[in-house]
**Q** 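Structure below; questions to follow.
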There are 2 protein chains.
Amino acid sequence: MTTARRAILRALENSEDHPDALMLHDRAKEFDPTIAQATVYRTMRLLEQEGLVEKHDFGNGRARYEEAEKEQHDHLINLSTGEIIEFHDTNLEALKIEIAKRLGFDLKDHRLELYGVPRE
Amino acid sequence: MTTARRAILRALENSEDHPDALMLHDRAKEFDPTIAQATVYRTMRLLEQEGLVEKHDFGNGRARYEEAEKEQHDHLINLSTGEIIEFHDTNLEALKIEIAKRLGFDLKDHRLELYGVPRE
DNA sequence: TCAAAATATGCGAATGAGTTGCATATGCAG
DNA sequence: CTGCATATGCAACTCATTCGCATATTTTGA
């Protein structure tokens, strides 16, 4: 556990949004001003492999991260604002598992993103 | 309509899988041996913007494409083999729309991929 | 507590998918 | 056929992410 890693973890804890590596680098600099981007990338890869962090691709080139502790949820992206809304639906979870089973698979992972615009 | 574009369209028609730009480039070379990668990228971007092609990211860095005419479906990726299986589930479609609505949004697009291993 | 071994860091260079500038080639309208 | 608009090939460029390597920081264990 190094200064750099502590800085990244703190930056992550303080983030309510879904930051990308650049944002995390900026935020981590507050706790360790000399931290390098490469370290952020390396640490995020590590955290992802350890299952402590989830990596998402919301479609604009940069990977975005969130802590993995929370209960299972998916994302809805507001196309008007870019805002990301988390949601959970039990029926949906069950249905995903059931569909995989029907096709002859055990579901190991999944990815669901809804893209929508606010209803006027 | 140029030689290069015809070559790419034929390569696409002949593809039952979900090829990436490199694969399409290789396959298109059969019809136009001098075609450049840049042309494949440019053409795929065009086709995607026109809505004739769908672009997917199944998670290994290269975008993958399929013709867009078919009816709506999602993908299950076999983690053991990389094989991609298409499926359609009406309940799932309805549920996605309903969830978006519940959150106050009109669903414009979505992305669902299931990752699984064959049940032994 | 301290030195050696192990691991992580910062830096800049490298990678790899996708894009772009530009001079040339091709397609199409008249 | 000619002229002009558009597309192509090539090589150079982006941009996110990764890597090599020399140095710095942590950890181990005597």
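The sequence lines fix the lettering, A, B, ..., with proteins before strands; numbering per chain opens at 1. Since we're looking at a predicted model, the values are computed, not measured.
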**Q** 5'-most contact on DNA chain C: A:Asp32 or B:Tyr65, nearest heavy atom basis?
**A**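 Going by which nucleotide is closer to the 5' end, it is A:Asp32.
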
**Q** CD of B:Gln72: more than 12 outside heavy atoms within 6.0 angstrom?
**A** yes

**Q** Taking all atoms of both residues into account, what is the closest heavy-atom pair of B:Ala7 and B:Ala28, and its distance?
**A** CB-O, 3.7 Å

**Q** Starting at atom CD1 of B:Ile35, determine the distance to atom P of D:dA7, rounded to an integer number of angstrom.
**A** 14 Å

**Q** Would you call the rings of A:His73 and A:His75 parallel, tilted or perpendicular if under 30° counts as parallel and over 60° as perpendicular?
**A** perpendicular

**Q** State which of C:dG10, D:dT18, D:dT17 makes the closest approach to the side chain of A:Ala21.
**A**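 Looking only at heavy atoms from C-beta outward on A:Ala21, the closest nucleotide is D:dT17.
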
**Q** Measure from CD on A:Gln37 to P on D:dC15 and round the result to the nearest Å.
**A** 13 Å

**Q** Take the C1' atoms of the five end pairs on each side of the helix from C:dT1-D:dA30 to C:dG30-D:dC1, get both axes, and report the angle to 10 degrees.
**A**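 The angle, to the nearest 10 degrees, is 30°.
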
**Q** If you take any heavy atom closer than 4.0 Å to DNA chain D, which residues from residues 2-17 of chain B end up in contact?
**A**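 Correct list: B:Thr2, B:Ala4, B:Arg5.
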
**Q** Just how far, in rounded Å, is C1' of C:dT20 from CZ of B:Arg42?
**A** 8 Å

**Q** Quick one: B:Tyr41 OH to D:dC10 P, roughly how many Å, whole number?
**A**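 Going from OH in B:Tyr41 over to P in D:dC10 covers 16 Å.
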
**Q** Show the nearest heavy-atom pair for residues A:Leu112 and A:Leu114, with the distance to one decimal.
**A**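 The answer is CD1-CD2, 3.9 Å.
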
**Q** If you take all heavy atoms of A:His18 and A:Arg64, which pair is closest and at what distance?
**A** O-NE, 2.7 Å

**Q** Between A:Lys96 and A:Glu93, is there a salt bridge with N-O shorter than 4.0 Å?
**A** yes

